[in-house]
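Below is one structure, written out as C-alpha cells; comments come after it.
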Amino acid sequence: MKKILLIHTGGTFGMAFKGGTLAPSAFINGIIEFVPEIRKIAEIESFIVANIDSSNIGIEHWIKMADVIARNYEDFDGFVITHGTDTMVYTASALSFMLEGLSKPVILTGSQRPLSEIRTDARNNLINAIELATYPIPEVCIFFNNKLFRGNRAKKIDVWGFDAFTSPNYPILAEVGVDITIYPENFLKSRNGELKVSKEFSNKVFCVKVFPSMKVDYLMKLLELDLKAFVLEAFGSGNLPNIEERSLIPFVREAVEGGKIVAISTQAVYGKVDLSLYQCGKDVLEAGALSCKDMTTETALVKLMFLLGKFGEDIDKVKEFFYVPIAGEVS
Ligand code: ASP
C-alpha cells in the first residue's frame with residue numbers, strides 16, 4: 001500500500017461555525033477519524049503545521065511545509081496539504097519553486113464548506129486528493145472539485161461555488177468522474193534527481209492594480225521605500241495609460257532607472273501579456289518593464305519573491321531568470 005503524508009495548515013476545511021462566523025477549530029486533530037475510509041486508499045500519517053485561516057499564511061509557513069516534505073520525502077509516496085482556498089495558489093507557487101527536483105506528488109486541497117458540515121465538499125476533495133497522491137505525478141498541484149491543476153497555474157475564481165479554481169492558461173493534469181483520468185502529457189518531466197529545498201524569499205515586493213485615473217504621484221511615492229520589485233496588474237494585454245498627466249510610464253521609467261523591477265501582469269483572467277500589441281504596452285516595454293506573459297499575477301509575485309531571495313536581491317540576475325520556467329509556471 002502507498003504511503004501518504006497528510007499535512008494540515010488550516011482553512012475552511014478544518015473550521016467550525018461560531019455564531020455564523022467561520023473560525024479554525026480543534027476538530028482538525030481528528031481528521032482521519034472523521035474520514036476513516038481514506039485508510040483504504042493508502043497508509044496515512046498526518047502532521048499539523050498550523051490551523052489558521054490562509055489569509056495568515058506567510059513565508060515562514062511555506063518554509064515549514066517544505067521542511068516537513070523534505071524531512072519525510074524518502075518515507076512517503078505522496079503528500080497532501082489541506083489549506084485555505086484564499087491563498088492556496090500563492091503557497092502552491094512557492095512550494096513549486098522551493099522543491100527543486102521534486103519527483104513525487106504534492107497536492108494542496110481544501111474546501112468551501114467545513115469537513116464537519118453534512119453538505120460539505122471537503123470529504124470529496126480530501127478523498128480524491130489522497131487517491132491522486134498515490135499516482136506518480138511529479139509536481140505541486142491543487143485538487144479541487146474533481147479537477148487536478150498545476151498549482152502555480154491555478155487561480156481562485158469563486159468564493160461561493162464548489163468549483164472555486166480554474167487554470168486559465170494551462171490544461172488540467174487529471175479529472176475525477178466515475179473513473180480517474182490522468183493526462184501525463186501535461187505533467188512536468190520527472191526530475192528524478194535529489195530533492196533540494198530553496199528557502200530564501202524576499203518580501204520587498206509590491207503589487208498594484210491599475211485603474212482609470214490612477215495618479216502617478218501616488219505610485220512615485222512607493223519609489224522612496226526599500227522595495228525591489230513591483231507587479232503592476234495592467235489592462236488587457238499589459239497596457240498602461242500613456243498620455244499626458246494620465247501616463248504611468250514615468251513611474252516605470254524611474255523605477256527601472258533606480259534599479260528596481262517592474263513586471264506587468266494583466267487584469268484579464270485568460271490569455272497572456274503582449275507588450276508589443278498596443279502603443280500603450282510598447283511604451284511600457286521601452287521604459288524597461290518585464291512581461292509576466294501567461295503567468296498569473298499571484299505566481300509572478302511569488303516568483304519575484306523567490307528569485308530576489310535566491311539571488312540576494314541581485315536585480316540583474318532576477319531579471320535574467322524571470323523568464324526561465326522553474327516549475328512550468330510560464331509558457
Ligand atoms: N478564509 C478561508 C481560508 O482561506 C477560505 C477557505 O478556506 O476556503 O483559510
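Counting starts at 1 for both ligands and their atoms, in listed order.
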Check: Relative to the ring of F13, is the ring of H8 parallel (under 30°), tilted (30 to 60°) or perpendicular (over 60°)?
Finding: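 The arrangement is tilted - the two ring planes meet at 30° to 60°.
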Notebook entry, point to check: What class does the angle between the rings of Y73 and F79 fall in, given that below 30° is parallel, 30 to 60° is tilted and above 60° is perpendicular?
Noted result: parallel
Check: Is ligand 1 under 4.0 Å from a heavy atom in the side chain of S111, in the backbone, in both, or in neither?
Finding: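 Only the backbone of S111 comes within reach of ligand 1.
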Item checked: For ligand 1, the portion of Q112 having any non-hydrogen atom under 4.0 Å away -> side chain
Note to self: Any nitrogen or oxygen of K156 lying under 3.5 Å from a nitrogen or oxygen in ligand 1? Just yes or no.
What the structure shows: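 No, K156 has no N/O under 3.5 Å of an N/O on ligand 1.
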Notebook entry, point to check: Taking distance alone, with no angle check, do D86 and ligand 1 share an N/O pair under 3.5 Å?
Noted result: yes
Note to self: I need the nearest protein heavy-atom contact for atom 9 (O) of ligand 1: residue, atom name and distance, please.
What the structure shows: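 Among all protein heavy atoms, the one nearest atom 9 (O) of ligand 1 is S54 N, 2.7 Å.
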Note to self: Suppose we measure from atom 8 (O) of ligand 1 to each protein heavy atom; which comes out shortest, and what is that distance?
What the structure shows: T85 OG1, 2.5 Å
Next item on the list: Please confirm whether K260 makes a cation-pi placement over F230, using NZ or CZ under 6.0 Å from the six-membered ring centre and within 45° of the ring normal.
Entry: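 Pair K260/F230 does not count as cation-pi.
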Item checked: Test: K293 cationic atom under 6.0 Å from Y323 six-membered ring centre, within 45° of axis -> yes
Notebook entry, point to check: Of the non-hydrogen atoms in K303 and F322, which two are nearest, and what is the gap between them?
Noted result: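 Closest approach of K303 to F322, heavy atoms only: NZ-O, 2.7 Å.
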Notebook entry, point to check: For I142 and A154, which heavy atoms make the closest approach, and how far apart are they?
Noted result: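 It is CD1-CB, 4.0 Å.
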Notebook entry, point to check: With respect to atom 5 (C) of ligand 1, which of T82, I52, T12 exhibits the smallest heavy-atom separation?
Noted result: T12
